[in-house]
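Shown next, in structure tokens, is the structure this report addresses.
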Amino acid sequence: MKDSVTAAQRTPSAERTTRDLARAAVSGWLGTAMEFMDFQLYSLAAAIVFNKIFFPDVSPAVGLIAAMATYGVGYVARLAGAVYFGRMGDRIGRKKVLYLTILLMGASTTLIGVLPTYASIGILAPMLLVALRLVQGFGAGAEIAGATVLLAEYAPVRRRGLVSSLVSLGTNSGTLAASGLWAVLLATLSEDQLLSWGWRLPFLLSFVLMLFAFWLRRGLKESPVFEERPDVVDGVAMAKEEVIAAAHEGDVLAAGIRQRKGKAFFLALGLRFGQAGNSGLMQTFLVGYIATNLAVGRSVPTDAIVYGSLLGFVTVPLVGQLGDRFGRRALYLALTALTVVVAFPVMLLITSGSSAGVMLGMVLGLNVGVLGLFSLESVTMAELFGSRTRFTQLALAKEIGGILATAIGPVLAATLTAVTGSWWPIAAMLVVYSLITFVSALLAPETRGRDLVRLEDAV
């Protein structure tokens, strides 16, 4: 057992250039883009065609609920992936984990594109769909957490919010690519073409993106924060028993190992709730709800997400810059309060029966209640946690929040709207999700500028 930690034992942090930062930024952006492209491809397919392809023997309302439930099971696998890969990332480094996650996501998404349908093999078809969804989720459970941690730990302190927001821009890019692909398919293919072979094309195209992302990460250097951690020796984190043995009263090792965990995690979970819940409603459930219940063109909701995602290329970095200037808490409070105020007006616009109303409502809701919050989340959650358990805690906070809000939310919304025959439960859920994040931001400390090498959490 190691009984001391000296500068000679630790792996020295290699010098990082602007090129290294750029490569890390593009890698984080691209991997997260792929994750959200994969999941958005699936969520849109679940909302538009999967109820007909994999669940054809039930009513449209029940088929939509079943398709959304299949979408939700991926979040259970994401939790398992968060635990497994999160602990690995905290122990042996960030970049090694990111190799594995990109392969799992890309392979499973590609295989969804070659699945036989219910008409070909019966009940085995949805069973295989669920299996691939589980594999996809297992890899994705640590992808965005790893990219978030890596980019925050690479970024200059004064520009950490802006640089970290590129992870959120990856989510925006993936959503845009998936929505754009579906918009093209819906605009150019007939119903029969879409159901027979057209739905497969977006899933098969993700294979090319996977190869490019894997190639890009081959030359990526490890996070400088990971290499500078006082509990990392020869590129591997010391076990808890080794840290306890090496720690001395009042030193950095003692501070990191003796702090009781929990406060930062539950605050991060609350901060996650608003963005995750609003995302599940705006980007998943409402696409199917609009297509099924409103007298507008079938491409209108996917077009709205495309336009909202395009505007997000301004919203995401702008919020990141404002967070660097004014702090994280102030922006969280402002955005969640605004979401609460506009929730019912946004739903009035969306359900007005007007294509323009749907577009305006979706674009506003997506940028204020989803993308703006995601930009803040990318840096704030990384700053809340200490470096020894940052990857694991961040991944768990994201995925537990995803299960409680993003995965369950669309199923709950589908059930409530079917029971009430009205849209008001959707607006009410937007309000509740946003209020949870508002209260969490009130209770959280300001984390802007925090030293990310410190082993202990911010609270």
Side-chain angles (χ1 to χ4, degrees), residues 36 40-41 43-52 60-61 64-65 67-68 71 171-172 174-189 191 194 275 277-315 338-374 406 409-410 412-414 416-418 420-431 433-434:
F36 272 73
Q40 186 69 3
L41 284 176
S43 65
L44 290 172
I48 298 170
V49 298
F50 278 2
N51 59 325
K52 301 172 184 177
L64 180 59
I65 294 173
M68 291 299 169
Y71 166 79
T171 70
N172 191 40
T175 299
L176 176 62
S179 301
L181 284 171
W182 272 104
V184 170
L185 291 176
L186 291 170
T188 59
L189 299 181
E191 183 80 6
L194 186 66
Q275 186 279 328
N278 295 346
S279 175
L281 293 176
M282 297 297 303
Q283 295 177 258
T284 301
F285 173 73
L286 277 175
V287 173
Y289 179 83
I290 292 168
T292 304
N293 294 279
L294 303 182
V296 296
R298 63 176 185 171
S299 65
V300 170
T302 51
D303 289 345
I305 292 179
V306 170
Y307 296 140
S309 297
L310 286 171
L311 181 59
F313 282 97
V314 176
T315 300
L338 182 58
T339 304
V340 169
V341 170
V342 303
F344 279 87
V346 159
M347 285 307 305
L348 280 171
L349 282 170
I350 291 173
T351 58
S352 65
S354 162
S355 296
V358 172
M359 291 283 185
L360 180 59
M362 291 282 283
V363 168
L364 180 60
L366 182 62
N367 279 268
V368 175
V370 179
L371 297 178
L373 290 179
F374 216 151
T406 313
L412 179 60
L416 290 176
T417 52
T420 63
S422 177
W423 55 263
W424 68 261
I426 309 171
M429 290 175 69
L430 290 170
V431 169
Y433 287 144
S434 300

Distance-only criterion, 3.5 Å: show the donor-acceptor pairs between side-chain atoms of residues 353-373 and protein atoms not counting sequence neighbours.
unit_1, atom_1, unit_2, atom_2, d
S354, OG, A356, N, 3.2
S354, OG, G357, N, 3.2
N367, OD1, G312, N, 3.3
N367, OD1, T315, OG1, 2.7
N367, ND2, G308, O, 3.0
N367, ND2, V363, O, 3.0

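- Going from atom OH of Y289 over to atom OG1 of T417 covers 6.0 Å, rounded to the nearest 0.5 Å.
- Across all non-hydrogen atoms, the minimal contact from G180 to V306 is N-CG2, 3.6 Å.
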Distance-only check: which donor-acceptor pairs under 3.5 Å involve side-chain atoms of residues 343-350, not counting sequence neighbours?
none

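- S434 contributes no side-chain N or O that, together with a main-chain N or O of V431, makes up a donor-acceptor pair within less than 3.5 Å.
- Of all the heavy atoms in W182 and L41, the pair that sits closest is NE1-O, 3.5 Å.
- When all heavy atoms of L430 and N278 are compared, the pair lying nearest together is CD2-OD1, 3.3 Å.
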